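Worth saying up front: this structure is predicted, and the values here are computed from it rather than measured.
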Amino acid sequence: GTVLWERDLPGLSRTGFPFDGGYLAADRGGLWCGAGPRAVHLDARTGATRAEVSAPNGAWHWLAQDDDVLFGSCGAAGAPRRDQSRAEVVDQYRDRRPLVVSQTVFRAGGWQHRGGAIPTSTLAVAGGRLHFLESALAGDPGRARLGDLLSAGADLVALDVTSGEVLWRRPFEVREEVHVLYTIAAAGRLVSVGSYDHEDRIWYRVRVHDAATGEELWSATHANNRSGTGGDHGEQVHHPLLRGRTLIVEPLAYDLDTGHVVDPTGGQGWSIPARGGCGTISASSNALFFRDGHPTILDLVPGGGRRKLTEVTRPGCWINVLPAAGLVLVPEASSGCVCAYPVQTSMAFLPVAD
């Protein structure tokens with residue numbers, strides 16, 4: 001738990017992650033951080049700056065690294081949410097919040113693609129392709145509601161990561177999604193997941209496309225396992241995740257290739273139990289992690305159950321339980337909240353043999 005170094009990078013902080021994209025990327029030697037008009041590469045051992053890359057125009061929004069190549073998006077400087085106030089928190093928990101959008105996606109030191117409004121939550125790079133949703137919404141809004149982006153006309157797009165050329169472009173059919181839209185690219189598939197209100201519940205629409213062509217392979221909808229709409233603990237912004245060829249969209253798991261609902265433990269009738277608190281799910285090879293009041297583990301081995309990692313603290317409001325390097329890490333991310341938990345500190349958990 002010793003602090004080895006720290007750096008103050010103006011413009012680095014972000015809030016409102018359900019409506020934004022990642023701006024950090026780790027590699028073997030350090031950490032890329034998108035801060036303001038530039039990205040800096042910090043040495044993992046010392047925190048010293050190893051390299052800097054400027055955004056082609058505007059401020060750095062999204063950042064990712066794939067096969068040692070740095071990719072990014074940029075747009076209006078005021079688009080990413082950085083205000084740390086109660087008013088900002090209250091606003092983020094409402095329905096149909098504006099998404100952060102970029103105007104340019106690029107390969108650092110290489111090509112640039114400038115088109116329509118691109119929600120950073122839909123940027124995903126894998127398999128030699130950079131995927132995203134591109135709306136024909138006019139101007140440079142910085143932020144825009146999903147309904148406005150889709151109603152203006154929008155396409156799913158894939159670019160060649162080497163040349164920046166458009167490999168395919170397909171119209172994104174307007175269906176129900178109004179709150180958020182996420183994509184995941186992996187295993188030859190491009191997944192999009194969005195949420196909407198229906199029958200006094202939050203529902204999720206799942207679409208799975210062939211990543212090589214953009215063809216939609218299957219689609220499904222399901223209800224969240226908590227009743228009511230307009231919830232104030234993130235019910236409408238749950239992020240999907242992939243474990244191999246199993247796609248988990250809370251509370252269900254789907255076979256990535258067929259769309260059939262499956263039980264990742266090998267049993268019958270599996271679903272993620274209704275849980276208390278905001279935040280979204282992370283996974284290791286054998287378990288899921290999330291907030292259920294406190295940091296919680298759900299084993300995915302046959303006969304595995306749910307249990308609390310600790311009952312004296314709580315994780316933050318997004319992805320804050322991190323299985324990595326053989327540990328489960330919970331960096332402190334609750335101290336700005338009014339929840340009455342007695343301990344506010346970072347924790348690391350070791351595995352224990354059965």
Side-chain angles (χ1 to χ4, degrees), residues 1-86 88-89 92 100 102 104-110 120-121 123 125 142 239 279-280 282 295 313-337 343-349:
T2 301
V3 176
L4 301 180
W5 55 265
E6 62 181 48
R7 286 284 303 274
D8 184 13
L9 299 176
L12 182 66
S13 64
R14 302 280 183 96
T15 65
F17 273 104
F19 319 107
D20 204 341
Y23 66 109
L24 303 169
D27 58 22
R28 188 174 296 274
L31 177 70
W32 281 103
C33 307
R38 64 196 175 110
V40 295
H41 192 224
L42 304 183
D43 185 274
R45 293 187 178 276
T46 67
T49 298
R50 302 175 60 169
E52 292 190 19
V53 176
S54 295
N57 50 70
W60 205 294
H61 286 186
W62 169 83
L63 180 150
Q65 193 173 37
D66 188 56
D67 289 336
D68 295 324
V69 177
L70 184 66
F71 299 92
S73 76
C74 55
R81 296 171 182 264
R82 294 192 174 90
D83 184 23
Q84 299 184 31
S85 67
R86 182 170 180 81
E88 176 68 24
V89 170
Q92 291 174 20
V100 174
S102 299
T104 304
V105 293
F106 59 93
R107 173 177 171 143
T120 61
S121 62
L123 284 154
V125 59
H239 199 287
T280 196
S282 58
T313 188
R314 51 151 289 191
C317 297
W318 191 231
I319 306 172
N320 189 213
V321 185
L322 311 175
L327 303 172
V328 175
L329 309 173
V330 189
E332 164 51 31
S334 69
S335 62
C337 189
V343 178
Q344 295 175 342
T345 188
S346 298
M347 294 185 174
F349 297 88

Can you list everything that forms a ring pair (Phe, Tyr, Trp, His ring centres under 6.0 Å) with Phe19? Sequence neighbours excluded, please.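 Residues passing ring pair (Phe, Tyr, Trp, His ring centres under 6.0 Å) with Phe19: none at all.
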Locate the shortest heavy-atom distance separating [X] from [Y]; write the atom from each residue and the value.
X	Y	answer
Gly30	Asp27	N-OD1, 2.7 Å
Ala108	Val53	CB-CG1, 4.0 Å
Cys33	Leu63	C-CD1, 4.1 Å
Val100	Pro80	CG2-CA, 4.0 Å
Ala79	Gly142	CB-O, 3.1 Å
Val321	Val330	CG1-CG2, 4.2 Å

Only counting residues at least two apart or in another chain, list the ones meeting side chain to side chain contact (heavy atoms under 4.5 Å, CB included) with Cys74.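 Cys74 satisfies side chain to side chain contact (heavy atoms under 4.5 Å, CB included) with Ala55, Pro56, Asn57, Thr104, Phe106 once adjacent residues are dropped.
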With the side chain counted from C-beta on, respond yes when [X] and [Y] share a heavy-atom pair under 4.5 Å apart, and no when they do not.
X	Y	value
Glu332	Thr345	no
Asp83	Thr15	no
Val69	Val125	no
Trp5	Asp43	no

Rounded to the nearest 0.5 Å, what separation is found between the [atom1] atom of [X] and the [atom2] atom of [Y]?
X	Y	atom1	atom2	answer
Thr120	Tyr23	OG1	OH	12.5 Å
His41	Leu31	NE2	CG	7.0 Å
Met347	Leu327	CE	CG	14.5 Å

Do side-chain atoms of Arg82 reach the backbone of Ser13 as a donor and acceptor pair under 3.5 angstrom?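 Indeed, once roles are kept as given, a pair shorter than 3.5 Å links the two residues.
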What I want to check is whether the side chains of His61 and Ser102 have a donor and an acceptor closer together than 3.5 Å.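 Yes, side-chain donor-acceptor contact under 3.5 Å.
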Looking only at the side chains, is there a donor atom on one of Gln84 and Glu88 sitting less than 3.5 Å from an acceptor on the other?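 No.
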Parallel, tilted or perpendicular: which describes the rings of His239 and Trp318, with under 30° parallel and over 60° perpendicular?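 Perpendicular.
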Residue pairs passing the salt bridge (charged side-chain N to carboxylate O under 4.0 Å, His left out) test where at least one lies in residues 5-16, sequence neighbours excluded: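 Qualifying pairs, neighbours excluded: Arg14-Asp20.
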Apply side-chain contact (heavy atoms from CB on, under 4.5 Å) to residues Leu322 and Val328 and explain how you reach the verdict. CA-CA 6 Å; Leu322 311 175; Val328 175; over 6 Å; no
